[in-house]
Colleague: 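The structure under discussion is supplied below as structure tokens; questions concerning it will follow.
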Amino acid sequence: MKCSGAMSRVLNTMIWRIRRMMTPAILRDELENVLGSSVRSIWGDRIPDDFRAVVSGSKNLEFGDISCQAAMRLAGILKDNPRSIAGRIAETLIDGIEWISSISIDGPGFINFRLSDEYLASTAFNLAALGLQSFLPDKGAGREVLVEFVSSNPTGPLTVGHCRQAVLGETISSLLCASGWKVSREYYFNDTGRQMNLLGESLCARYLSAEDGEAVIPEDGYHGSYIIEWASDLRAERGAGLTWKNDRDTFIRFAEEKAMKMILSDLSLLGIEFDRFFAESELIPEAVTNAIDKLSSVTVDGRSLVYKDESGKLWLRFTALGRPKDRVIIRDNGMYTYRMPDIAYHLDKFSRNYDLMVDIFGADHLDTSRDVTAALECLLGRESVSDRLKVIIHQFVTLVKDGRKVKMSTRSGEFVTLRELIHDVGSSDVTKYLFLTRRAEAHMDFDLDLARMQSSENPVYYVQYAHARIAGILRAAGEAGINTPLEFSSDISSLLNGEYERELMRLLESVPVRVAAAADEMEPHRLTEVLADLATGFHRFYQHVRVVDTDSRDVSEARLVLCRACRRCISDLLGILGVDAPDRM
RNA sequence: GCGCCCGUAGCUCAGCUGGAUAGAGCAGCGGACUUCUAAUCCGCAGGCCACAGGUUCGAAUCCUGUCGGGCGUACCA
């Protein structure tokens with residue numbers, strides 16, 4: 001109900017006591033329900049069962065704050081013009097809806113709602129007091145999610161490509177956490193097989209070259225200069241006299257340990273910690289054998305999924321699972337190809353009973369990932385897999401340096417490391433933020449020179465500066481003895497009736513909804529959009545409106561609420577991104 | 001050849017799962033500091049949303065095709 005004056009105050013107090021706090025998400029739900037039942041009450045059976053009167057934020061201020069396009073959607077079904085449909089719907093809402101101050105019909109048939117000043121002000125107040133978290137729907141509800149990311153094999157330092165994935169994975173994890181999920185971060189790595197052999201051999205070659213001067217690195221081996229350092233460390237620890245023939249395992253394990261250390265320290269630059277590092281060797285041979293047995297016992301079109309060819313290789317008949325090619329899973333030398341342990345690893349994850357599993361992979365893993373998913377669906381059931389496994393594939397980063405694209409390969413040793421990148425850009429916060437301004441499936445040109453050049457005019461600093469400015473205002477307010485109100489009253493909303501205040505409150509009100517959508521879609525880049533909007537909104541407000549003013553303390557106090565709400569949203573969001581929110585700059 | 005992703009301002013990218021006049025940052029031009037931080041704000045300029053069809057009240061968004069770029073198409077991970 002729409003109320004005003006004293007009545008509203010009384011009602012308001014009661015509502016706080018007996019109802020849940022009104023949040024932007026609930027408001028939109030209720031609005032959709034009211035509209036939906038209105039539509040049904042007028043047209044009844046003519047409306048399809050799955051019809052929903054969807055509402056969304058209005059782009060333009062003159063179109064209210066929230067708008068509904070139901071009338072246009074219904075025009076085709078009802079064979080009537082949208083404006084008259086909208087009119088009939090609006091008539092049923094004539095008594096008013098709580099928190100909505102006015103309704104209008106505009107353009108081709110939009111039903112536009114204006115949020116009441118009191119609702120906007122109270123939302124800002126609650127954001128300031130409780131923080132963003134309290135406004136996000138508890139989607140996870142304490143359920144457990146496993147996020148697998150980076151999963152780079154221990155053959156060298158992390159590169160620019162891994163950096164994008166690390167930032168993406170970590171932010172998605174934080175975002176899920178903010179939506180009520182209990183998050184575990186897991187790193188899967190391959191510590192057996194050909195790659196590790198090559199790495200060990202490459203180390204051995206560098207180790208021996210100290211004696212005979214020339215390093216003979218195997219074809220396809222690792223040429224990175226970091227291995228030279230490892231070789232001299234190995235020499236310092238174990239002396240001379242090791243040979244590939246006798247000490248193969250020593251070389252491999254030593255290299256692995258060194259590589260893992262590098263990776264851990266690279267990750268720490270981004271502030272990332274994993275809950276578990278899962279080694280492929282933990283799966284060999286039992287879990288993998290087990291998985292093969294399970295797949296063997298499946299028959300499609302009267303034949304087993306697994307077959308052996310005349311040379312003794314074992315194949316998995318992926319074509320029977322709707323995939324384009326059959327694949328070798330055990331080679332003639334008895335070694336597994338990478339798909340098989342991947343399948344076993346995912347079976348292991350599923351057996352650990354997570355409610356949700358998120359895989360984050362680079363574009364080069366797409367095909368493998370599809371194969372793994374197909375195998376899982378075959379063993380565990382389609383629904384069980386599609387409900388619980390979400391695969392996010394991100395595209396590659398092309399690094400541009402001196403106006404040219406840099407080709408990268410860990411093998412050849414030609415790559416830019418995550419460490420170098422952060423060093424070149426000048427800050428891990430800037431690096432993270434820049435990666436997060438693009439959506440995962442978009443290719444990305446990362447221009448190093450530009451990133452460096454822009455670093456003083458950077459989107460991150462723009463946002464951080466807004467935060468620092470607010471902190472400055474709060475300091476000044478403290479010195480002037482002006483305090484933020486501890487309780488909400490409708491007096492506050494009547495003091496915030498200027499155009500800049502309203503613009504800012506409207507923006508603040510939309511933040512929880514936008515963040516929740518970003519979490520639902522697991523699209524962290526939307527958070528940087530929200531942050532940029534918040535910073536712009538605040539800077540604009542700041543430029544036009546004086547907050548601390550000892551001549552009108554009540555207005556100052558009301559405006560402080562908005563400052564605090566902004567600050568809280570910015571720092572909470574930066575927190576999710578793992579970026580610092582400084583009080584001074 | 002086939003599969004997946006992407007073509008939006010000079011550059012790097014958004015565009016809220018089909019809506020109202022397509023947005024931001026950087027680069028360019030012009031304004032605003034006696035003030036809670038000018039790392040800011042305000043304004044101007046810049047677009048056949050790759051191209052061609054289709055679907056409908058309505059398309060940057062969905063479908064088909066063409067052209068261009070990336071990745072994959074390994075018994076490397």
Side-chain angles (χ1 to χ4, degrees), chain A residues 54 56-60 62-63 67 69 72-73 75-76 81-82 106-110 112 151-153 155 189-190 193-195 198 220 280 311 313-315 323-325 327-333 335-339 341-342 362-368 370 393-396 398 400 410-411 434 437-447 450-451 453-454 456-459 461-462 464-466 468-477 479-480 510 513-514 517-518 520-521 523 525-526 528-529 532-533 535-536 538-540 542-549 556 559 563 584-585:
Chain A
V54 178
S56 57
S58 304
K59 265 186 209 155
N60 203 320
E62 64 184 291
F63 301 135
S67 65
Q69 321 164 1
M72 277 117 75
R73 295 269 154 78
N81 88 67
D106 304 292
F110 290 96
N112 290 325
S151 292
S152 162
N153 288 336
T155 56
F189 68 101
N190 188 317
R194 205 176 94 92
Q195 300 276 342
L198 277 169
D220 292 338
E280 185 193 33
S311 63
K313 298 168 194 163
L314 203 65
W315 290 72
R323 297 290 304 148
K325 281 185 174 180
R327 304 283 180 176
V328 170
I329 52 174
I330 300 182
R331 289 186 289 167
D332 45 11
N333 64 5
M335 289 178 90
Y336 301 114
T337 64
Y338 57 89
R339 271 180 181 75
D342 275 7
D364 54 342
H365 277 62
L366 179 78
D367 214 50
T368 312
R370 291 276 171 87
I393 303 280
H394 72 270
Q395 298 298 315
F396 284 156
T398 313
V400 180
T410 309
R411 293 274 181 78
L434 289 179
T437 52
R438 277 85 166 173
R439 44 193 224 293
E441 62 272 21
H443 297 277
M444 182 173 171
D445 279 352
F446 197 108
D447 191 324
L450 207 64
M453 202 170 70
Q454 288 177 3
S456 62
E457 297 269 324
N458 217 279
Y461 295 134
Y462 180 77
Q464 289 181 323
Y465 183 54
R469 264 186 157 176
I470 299 171
I473 291 176
L474 296 177
R475 283 192 296 270
E479 283 160 21
S510 73
V513 177
R514 294 169 68 183
D520 281 352
E521 304 297 322
E523 290 185 346
H525 75 278
R526 295 203 199 174
T528 59
E529 291 262 307
D533 286 349
T536 303
F538 180 77
H539 285 313
R540 242 175 89 79
Y542 177 93
Q543 209 73 27
H544 294 95
V545 172
R546 172 90 199 172
V547 177
V548 179
D549 182 358
S556 292
R559 288 176 178 166
C563 293
R584 291 173 199 274
M585 282 176 79

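Proteins come first, then strands; the chains are lettered A, B, ... in the order of their sequence lines, and each starts at number 1.
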Colleague: Across the strands shown, which category fits A:Val545 at heavy-atom distances under 4.0 angstrom: base, sugar-phosphate, nothing?
Modeller: base
Colleague: I'd like to know if A:Asp367 reaches the base of B:A74 with its side chain such that a donor and an acceptor end up less than 3.5 angstrom apart.
Modeller: no
Colleague: Between B:A20 and A:Phe110, is there a base-stacking contact, meaning the centre of the base's six-membered ring lies under 5.5 Å from the residue's ring centre while the planes stay under 30° apart?
Modeller: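 Yes, A:Phe110 stacks on the base of B:A20, since the ring centres sit under 5.5 Å apart and the planes are within 30°.
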Colleague: Any cation-pi pair here, A:Arg469 with A:Phe538, using under 6.0 Å and within 45°?
Modeller: no
Colleague: Pick base, sugar-phosphate or nothing for A:Met444, based on heavy-atom distances below 4.0 Å to the nucleic acid.
Modeller: sugar-phosphate
Colleague: Does the ring of A:Phe396 lie flat against the base of B:G70, closer than 5.5 Å centre to centre with planes under 30°?
Modeller: no
Colleague: Spell out yes or no: do the side chain of A:His443 and the base of B:C5 have one donor N/O and one acceptor N/O closer than 3.5 Å?
Modeller: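 Yes, the side chain and the base share a sub-3.5 Å donor-acceptor pair.
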Colleague: Tell me, what's RNA chain B's dot-bracket, Watson-Crick or G-U with both distances under 3.5 Å, | for other-strand, [ ] crossing?
Modeller: (((((((..((((.....[...)))).(((((.......))))).....(((((..]....))))))))))))....
Colleague: What is the nucleic acid contact for A:Glu62, judged by heavy atoms within less than 4.0 Å: base, sugar-phosphate only, or nothing?
Modeller: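 Touches a base.
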Colleague: Could you tell me whether A:Arg546 contacts a base, only the sugar-phosphate backbone, or nothing, with contacts defined as non-hydrogen atoms closer than 4.0 Å?
Modeller: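 Base: the residue A:Arg546, judged by heavy atoms under 4.0 Å, touches a nucleobase.
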Colleague: Using a heavy-atom cut-off of 4.0 Å across all strands, would you classify A:Glu441 as base, sugar-phosphate, or nothing?
Modeller: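 Sugar-phosphate contact only.
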Colleague: Check this for me: does the side-chain of A:Tyr338 come within 3.5 Å of the base of B:A77 through a donor and an acceptor?
Modeller: yes
Colleague: Tell me which nucleotide among B:U21, B:G25, B:G19 gets nearest to the side chain of A:Met72.
Modeller: B:G19
Colleague: If you check the A:Lys59 side chain, which of B:C16, B:A77, B:C75 turns out closest?
Modeller: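 Ranking B:C16, B:A77, B:C75 by closest atom to the A:Lys59 side chain puts B:C16 first.
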Colleague: Just label B:C33 as syn or anti from its O4'-C1'-N9-C4 or O4'-C1'-N1-C2 angle, using within 90° of 0 for syn.
Modeller: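 With its glycosidic angle within 90° of zero, B:C33 counts as syn.
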Colleague: Could you check whether the side chain of A:His365 and the base of B:G72 have a donor-acceptor pair of N or O atoms closer than 3.5 Å, going by distance alone?
Modeller: no
Colleague: When you measure from the side chain of A:Ser556 to the backbone of A:Asp549, do you find a donor-acceptor pair of N or O atoms at a distance under 3.5 Å?
Modeller: yes
Colleague: At 4.0 Å (heavy atoms only), tell me whether A:Ala442 reaches a base, stays on the sugar-phosphate, or touches nothing.
Modeller: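 Touches sugar-phosphate only.
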